[in-house]
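One structure is given here, and the rest of the page talks about it.
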Amino acid sequence: MIIKAPVDLNLTQNSGQTSQPPWKLESNVYSDVVVVDNNAVLFQVKQEGNNLKFDFVGDISNKEATNKIKTIFDLDFNLNKFYKYLNNQPELADMTNFCRDLRLFLAKDKFECVISSICSANNSIVRWTKSIDDIKKSWGNKFTYLGKDYFTFPDVSDLKNVYCDDLEELKCCSNLNNPNECINNLKSCGVGYRAPYMKKASEIFTLEMDLEDISKMSYDEAFDTILKVPGVGPKVADCILLYGFNFRQAFPSDVWIKRIVSYLYFDGNEVNVSKIREFGMEEFGDYAGYVQLYLFHYARMSGLMKKLKGK
DNA sequence: ACCCAGGGTTGGC
DNA sequence: GCCAACCCTGGG
């Protein structure tokens with residue numbers, strides 16, 4: 001099937017958005033298993049010029065499959081209109097030259113997005129994506145298509161039963177004798193001190209909080225709610241709301257966004273992160289999420305980031 | 001070998 | 001409210 005919508009698939013997949021790690025790549029085709037209405041569906045996605053071409057294997061209709069791909073890759077978003085907006089802002093006009101056809105890469109699994117976002121905090125992209133892939137391999141459901149293995153992200157109730165580290169695992173499993181035999185714990189996936197956050201988050205989403213409820217909330221209510229989850233501060237909360245729940249008015253603000261926005265809008269005078277967040281939401285409205293995404297990549301690719309490093 | 005930073009968050013003052 | 005510490009990996 002073909003969807004007529006420009007998208008730079010490589011850029012979108014590798015831009016470090018915390019909805020999920022990049023999909024499995026083989027000869028320009030990105031593939032992964034997505035659960036759609038309790039059906040596991042294999043999607044194979046490929047960019048062809050200004051179109052996104054995809055195939056799928058699974059028990060859903062063509063229309064459902066198309067809608068799912070449109071949602072994940074945000075294909076209904078009008079890029080031309082967004083670029084017109086950017087080109088009318090002197091501070092932002094240059095961005096379109098560096099991030100053309102970059103789109104949001106939205107969650108295929110809200111819980112995966114929560115854990116990925118927690119994992120990304122104070123971490124490098126290569127490391128958090130590898131951790132999430134390890135978690136999928138360890139506790140997700142396995143599907144084999146054409147001789148290749150795919151893993152879904154484990155659901156809330158499965159992750160809550162995983163141990164944090166090998167000591168805890170050793171203590172609880174009488175059949176284990178030494179730490180080398182321990183593999184059923186989060187730290188073995190390289191998540192470090194975030195392991196207890198992830199486990200507590202799983203418990204919270206089993207017992208107290210329903211991910212589906214958050215979709216129904218206002219942005220402010222959702223932000224305050226998700227902030228209560230351990231390992232979730234303001235930056236991670238906005239990532240979860242943007243990539244996981246499609247709150248496009250979120251403006252995830254971290255040190256880099258702070259440096260970039262201070263440079264572009266405050267004459268280089270450093271404004272604190274929380275003010276930057278308020279400024280971004282006020283200034284960019286429903287484009288805030290996209291502007292944040294573009295600012296980061298613009299800075300990375302234009303050399304602005306190097307210039308601002310250390311400030 | 002050593003040191004440092006990484007798209008933050010937490011807990012202690 | 002501020003600030004050091006936090007796990008772990010890769011690069012100087």
Side-chain angles (χ1 to χ4, degrees), chain A residues 11-22 95 98-99 102 104-105 113-135 162-169 179 182 185-201 204 223-244 250-264 270-278 280 288-311:
Chain A
L11 187 54
T12 299
Q13 284 276 325
N14 297 301
S15 50
Q17 302 183 53
T18 64
S19 52
Q20 62 207 291
M95 297 203 303
F98 292 90
C99 326
L102 170 61
L104 284 176
F105 184 29
C113 178
V114 170
I115 300 299
S116 295
S117 302
I118 290 174
C119 198
S120 73
N122 192 26
N123 209 342
S124 66
I125 294 174
V126 272
R127 194 177 153 208
W128 78 253
T129 53
K130 185 178 181 303
S131 290
I132 298 302
D133 282 331
D134 285 350
I135 290 174
V162 167
Y163 301 108
C164 278
D165 53 32
D166 46 18
L167 281 179
E168 190 189 3
E169 187 177 347
C182 297
N185 68 79
L186 281 162
K187 274 202 178 179
S188 68
C189 300
V191 304
Y193 58 84
R194 304 167 192 84
Y197 302 157
M198 294 176 177
K199 187 167 170 172
K200 279 177 202 150
I204 285 176
F223 184 80
D224 291 340
T225 304
I226 207 88
L227 262 189
K228 293 180 186 136
V229 177
V232 177
K235 155 67 165 56
V236 170
D238 274 329
C239 283
I240 293 172
L241 294 186
L242 175 61
Y243 301 124
F251 190 70
S253 302
D254 52 53
V255 282
W256 282 111
I257 293 299
K258 177 185 77 174
R259 289 168 186 163
I260 297 161
V261 172
S262 296
Y263 172 80
L264 292 175
E270 190 122 318
V271 177
N272 73 48
V273 176
S274 124
K275 290 279 180 206
I276 292 289
R277 171 172 174 266
E278 287 169 22
Y290 260 95
V291 170
Q292 193 272 4
L293 180 64
Y294 272 56
L295 279 173
F296 188 77
H297 290 281
Y298 163 69
R300 206 154 73 153
M301 296 182 214
S302 67
L304 178 59
M305 206 171 245
K306 271 192 181 140
K307 185 173 163 183
L308 297 177
K309 198 173 172 93
K311 286 202 175 172

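Each chain gets a letter, A, B and so on, in the order the sequences are listed, and its residues count up from 1. These numbers were taken from a predicted model, which means no experiment stands behind them.
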| remark: Readout for nucleotides 6-12 of chain C: B = base within 4.0 Å of protein heavy atom, S = sugar-phosphate only, - = neither; 5' to 3' it is BBB----
| request: Determine the contact category for A:V232: base if any of its heavy atoms lies under 4.0 Å from a base atom, sugar-phosphate if only primed atoms, P, OP1 or OP2 are that close, otherwise nothing. | output: sugar-phosphate
| task | Assign A:S117 to base, sugar-phosphate, or nothing according to its heavy-atom contacts below 4.0 angstrom with the strands shown. | result | nothing
| Ring geometry between A:Y197 and A:Y193 (parallel below 30°, tilted from 30 to 60°, perpendicular above 60°) | perpendicular
| Residues A:D238, A:L242; criterion side-chain contact (heavy atoms from CB on, under 4.5 Å); working and verdict | CA-CA 6 Å; A:D238 274 329; A:L242 175 61; 5.9 Å; no
| said: With a 3.5 Å cut-off and heavy atoms only, can you find an N or O donor on one side and an acceptor on the other between the side chain of A:Q292 and the base of B:dG7? | reply: yes
| Approximate separation, where rounding is to 0.5 Å, of A:E278 CD and A:S253 OG | 9.5 Å
| message | In whole Å, I'd like the distance from the NZ atom of A:K228 to the C1' atom of B:dT9. | response | 18 Å
| field | Nearest-Å distance once atom P is located in both C:dG1 and B:dG7 | value | 28 Å
| message | In whole Å, I'd like the distance from the CZ atom of A:R277 to the C1' atom of B:dG8. | response | 15 Å
| message | A side-chain contact here means heavy atoms from C-beta on lying under 4.5 Å apart; do A:K307 and A:Y263 qualify? | response | yes
| query | Between B:dA5, B:dT9, B:dG8, which nucleotide gets closest to the side-chain atoms of A:K309? | reply | B:dA5
| Counting distance only, does the side-chain N/O of A:R277 pair as donor-acceptor with the main-chain N or O of A:F251 below 3.5 Å? | no
| note | Rounded to whole Å, the CG-P distance (A:N272 to B:dG8) equals 15 Å
| query | Atom CH2 of A:W256 and atom P of B:dA5: how far apart are they, to the nearest Å? | reply | 12 Å
| Looking only at side chains, do A:Q17 and A:S19 share a donor and an acceptor under 3.5 Å apart? | no
| task | Rounded to the nearest angstrom, tell me the gap between atom CE in A:M198 and atom P in B:dT9. | result | 13 Å
| Could you write out DNA chain C as a dot-bracket string, with dots for unpaired bases, | for bases paired across to another strand, and Watson-Crick or G-U pairs counted at under 3.5 Å? | ||||||.|||||
| query | Atom CZ of A:F251 and atom C1' of B:dG7: how far apart are they, to the nearest Å? | reply | 12 Å
| said: Distance check needed: B:dG7 C1' versus A:R300 CZ, whole Å only. | reply: 9 Å
| What is the distance, rounded to the nearest whole Å, between atom NZ of A:K235 and atom C1' of B:dT10? | 16 Å
